[in-house]
Amino acid sequence: MAGEDCVRKRQSGSTATYKTSENEEAQRRPENERSFQNSSNGRVDVDHVITRKMQLIAEAEQLKPAFMKEVDSHFTEFVNTLVAKSALLDSSSSASLFPASCTEKELHKAKTLRAPPEHGKIFTARRSLLDELFEVSHIRTIYHMFIALLIVFILSTLLVDFIDEGRLVLGFDLLVYVFGKFPVVFCTWLCMFCATVIVPYHLFAWWAQGYCSSSHRVIHSFFYGMLFTLFGLGFGPTYVAVSYALPPASRFIVILEQVRLVMKGHSFVRENVPRVFSSVKDKSSTVPIPRISQYLYFLFAPTLIYRDNYPRNPTIRWGYVATKFAQVLGSLFYAYYIFVRLCIPQFRNSSQETFNLRGLVLCIFNSILPGVLILFLVFFAFLHCWLNAFAEMLRFADRMFYKDWWNSTSYANYYRTWNVVVHDWLYYYAYRDFLWFFGKKFKAAAMLSVFTVSAAVHEYVLSVCFGYFYPVMFCLFMCFGMVFNFILNDRRKGPIWNVIMWTSLFLGQGVIICLYSQEWYARQYCPMENLTFLDHLKPRSWSCHTKM
């Protein structure tokens, strides 16, 4: 009996222990699971599951902005660190090109000569922003909408021609005219390119060797600098464009290439002259003159900042190149139909009306749509397609030719992000060199000088290409552009400022298209003989009222 009592006690004890552990396990379970078991009574409560799921989704949506902000900050910090490390790696890898017997001083000189200038632009491998955005289906749909609009323009033109002529008219007389005299354009470009290859490179090499060996360094510097200035500001391309009466698009090709080659020649000299000064100061026995192959690559590379070496891609995607050139060709036809359907019918008879305020206001607002479409086409065809095509053929890896300028809430940010290639040149060689020469206190004067140079070059290009002087672009740059740059500065944030920026941009494009088109047709329908100097400066659209 005693044994049976012991067995019963042990069983009761184990049972109590089991119940205790079960109670502890129940306490360790989550409260929501216990409530779920109590409410479901052993059966699956579907409403409770759905409610809980919705609660989790709501909590996730609340945490999403903070999480994405944290990820963005960490990613930005990671990219900046990676760029800094890559720059250090490039500078340190140059030491491995020299034998181990070199002294520390020679290695220091080699690093100094091979590294980019202090605080200069650092090139790194990155894709263009639109290439990344087009991977998103929503952004790609906007691209498809523009293609659909092009199809509508084509159908509209064909149907109108069929109704008026009784047949389909597929002529492209406007394109044939504006790109006329192409052999003259090609010969002019070839002469400009050969002169840019031969003159600046050999002139710089001649100056560098003479500077290192001559005792009259200042005289040599001034003499060779004057020679290069005369070459860079040569009027050969301008003379050809005017004397051969090249059509507008052909003139654009010649003049824009002249400006591009002058900017590249300046960058080559500007980046290499300090290296010569440094080598003379360190009493180096070698003259740091780049190879001609490096200079040739720079002349074709889609950048205006010279470096001996750029980050390169391993392969060339020829399909990508063909796609970009096809998009450039499509953009040309797009611009053709915009002028045929929206611009020419409006301005063809503009000389019949007296120049007045009412007509000017209507003209500006009717020109906003074609002006904005032309702005988009210029951006897409040149800054994205053309530059990316050449970058791909040259395996040029840094594709940041523009940034998200469409998100700008200030004109200061818009100027920095619209055309990064030209902005870099203006920032390093106009703005920063101005501050280096006159002092860092004159930032406003430096910014004014940059605006003046940019406005003068834009007006020079348009005046030569259109064949008349009508400083609309210069006034927009120097007046409204500079005022908006100080008023709509980087401190302006929020969607309303983006709306204001786009509204002013739309109005500016309407002003440009309206005034230049009116002047073009006025000079076609109101020719003048025995022109004086003032006749070349006075806009003819103000006084041309001849009936057709």
Side-chain angles (χ1 to χ4, degrees), residues 172-196 231-265 299 304 328-329 331-336 338-340 343-344 347 370-371 374-375 377-379 381-383 386-387 419 421-422 453-474 476-477 509 512-528 531 535-537 539-541:
F172 297 98
D173 297 336
L174 181 62
L175 283 178
V176 174
Y177 163 69
V178 297
F179 287 98
K181 300 183 180 180
F182 187 76
V184 178
V185 175
F186 178 76
C187 293
T188 305
W189 177 86
L190 190 61
C191 293
M192 284 193 300
F193 182 79
C194 292
T196 308
F231 163 77
L233 299 179
F235 295 100
T238 307
Y239 173 79
V240 171
V242 175
S243 62
Y244 283 87
L246 297 180
S250 299
R251 291 192 182 192
F252 268 106
I253 294 174
V254 172
I255 300 304
L256 289 178
E257 277 298 291
Q258 179 197 28
V259 174
R260 183 184 73 93
L261 293 176
V262 168
M263 295 171 75
K264 281 183 175 285
L299 290 180
L304 297 175
V328 171
L329 186 62
S331 298
L332 288 178
F333 283 102
Y334 211 137
Y336 165 78
I338 289 174
F339 279 104
V340 168
C343 293
I344 293 179
F347 298 107
I374 294 298
L375 175 70
L377 287 176
V378 169
F379 162 72
F382 179 72
L383 291 176
W386 186 265
L387 295 184
N419 189 343
V421 179
V422 174
V453 170
S454 181
V457 172
H458 279 80
E459 191 57 45
Y460 162 74
V461 172
L462 293 180
S463 298
V464 175
C465 295
F466 289 146
Y468 54 82
F469 178 74
Y470 197 14
V472 177
M473 181 70 73
F474 185 85
L476 289 178
F477 257 90
Q509 291 301 120
I512 292 173
I513 295 294
C514 171
L515 295 183
Y516 279 111
S517 298
Q518 281 187 344
E519 185 67 17
W520 173 270
Y521 279 101
R523 290 180 178 269
Q524 297 294 322
Y525 297 133
C526 299
M528 297 178 64
L531 295 174
D535 292 330
H536 287 285
L537 300 180
R540 202 167 301 176
S541 58

Checklist entry - Just wondering, do Ile374 and Ile512 contact through their side chains at under 4.5 Å, heavy atoms? => result no

Item to check | Non-hydrogen side-chain atoms of Leu304 and Lys264 separated by less than 4.5 Å | outcome: yes

Checklist entry - Would you say Arg251's side chain and Phe466's backbone share a donor-acceptor pair under 3.5 angstrom? => result no

Checklist outcome for this item: Between Tyr516 and Pro471, the two heavy atoms sitting closest are OH-C, 4.4 Å

Next on the checklist: For the SG atom of Cys465 and the CG atom of Leu246, what is their distance to the nearest 0.5 Å?
Outcome noted: 9.5 Å

Next on the checklist: So, taking the atom named CH2 in Trp520 and the one named SG in Cys343, what distance separates them when rounded to the nearest 0.5 Å?
Outcome noted: 13.5 Å

Next on the checklist: If you count heavy atoms of other groups shown closer than 6.0 angstrom to CH2 of Trp189, is the number above 12?
Outcome noted: yes

Next on the checklist: So, taking the atom named OG in Ser331 and the one named CH2 in Trp386, what distance separates them when rounded to the nearest 0.5 Å?
Outcome noted: 12.0 Å

Checklist entry - How close do Arg540 and Arg523 get, heavy atom to heavy atom, and via which atoms? => result NH2-NH1, 3.0 Å

Checklist entry - Which atoms form the tightest heavy-atom contact between Thr188 and Val184, and what is the distance? => result OG1-O, 2.7 Å

Checklist entry - Going from OG on Ser454 to CE on Met473, what distance comes out if it is rounded to the nearest 0.5 angstrom? => result 9.0 Å

Item to check | Minimum side-chain heavy-atom gap Met192-Pro237 below 4.5 Å | outcome: yes

Next on the checklist: Can you give me the closest heavy-atom contact between Ala241 and Val464, atom names plus distance?
Outcome noted: CB-CG1, 4.2 Å

Next on the checklist: As a quick check of understanding, evaluate side chain to side chain contact (heavy atoms under 4.5 Å, CB included) for Leu332 and Tyr336, giving each step before the final call.
Outcome noted: CA-CA 6 Å; Leu332 288 178; Tyr336 165 78; over 6 Å; no

Checklist entry - Looking only at heavy atoms, which two atoms of Gln509 and Leu375 are closest? And how far apart? => result NE2-CB, 3.9 Å

Checklist entry - Is the closest side-chain heavy-atom distance between Gln258 and Thr238 below 4.5 Å? => result yes

Next on the checklist: I want to check something: taking the side chain as every heavy atom from C-beta on, are Phe179 and Ile253 in contact at a cut-off of under 4.5 Å?
Outcome noted: yes

Checklist entry - After noting the C-alpha distance and the side-chain angles of Leu175 and Phe333, does the key distance pass the side chain to side chain contact (heavy atoms under 4.5 Å, CB included) rule? => result CA-CA 8 Å; Leu175 283 178; Phe333 283 102; 3.8 Å; yes

Next on the checklist: Please give me the minimum heavy-atom distance between Gly371 and Ile513, naming the atom from each residue.
Outcome noted: CA-CG1, 3.6 Å

Next on the checklist: Just so I know, are the side chains of Phe252 and Leu462 near enough to count as touching, which here means a heavy-atom distance under 4.5 Å?
Outcome noted: yes

Checklist entry - What do the steps show when you test Ile255 against Tyr460 for side chain to side chain contact (heavy atoms under 4.5 Å, CB included), and what is the final call? => result CA-CA 9 Å; Ile255 300 304; Tyr460 162 74; 3.7 Å; yes

Next on the checklist: Within the 4.5 Å heavy-atom criterion, are Phe469 and Glu459 side-chain neighbours or not?
Outcome noted: yes

Next on the checklist: Donor-acceptor check, side chain of Ser250 to backbone of Lys181, threshold 3.5 angstrom: yes or no?
Outcome noted: no

Checklist entry - Do Gln518 and Tyr470 have side-chain N/O donor and acceptor atoms under 3.5 Å apart? => result no

Next on the checklist: Run the side chain to side chain contact (heavy atoms under 4.5 Å, CB included) test on Tyr521 and Ile344 for me, step by step, so that the C-alpha distance in whole Å, both residues' side-chain angles and the decisive distance to 0.1 Å come before the verdict.
Outcome noted: CA-CA 10 Å; Tyr521 279 101; Ile344 293 179; 3.6 Å; yes

Next on the checklist: What I'd like to find out is whether the side chain of Val240 reaches to under 4.5 Å of the side chain of Val254, using heavy atoms alone.
Outcome noted: no

Checklist outcome for this item: Those residues at least two apart in sequence (or on a different chain) that pass ring pair (Phe, Tyr, Trp, His ring centres under 6.0 Å) with Phe339 are none

Checklist entry - Using the benzene-type ring in the case of Trp, are the ring centres of Phe477 and His458 under 6.0 Å apart? => result yes

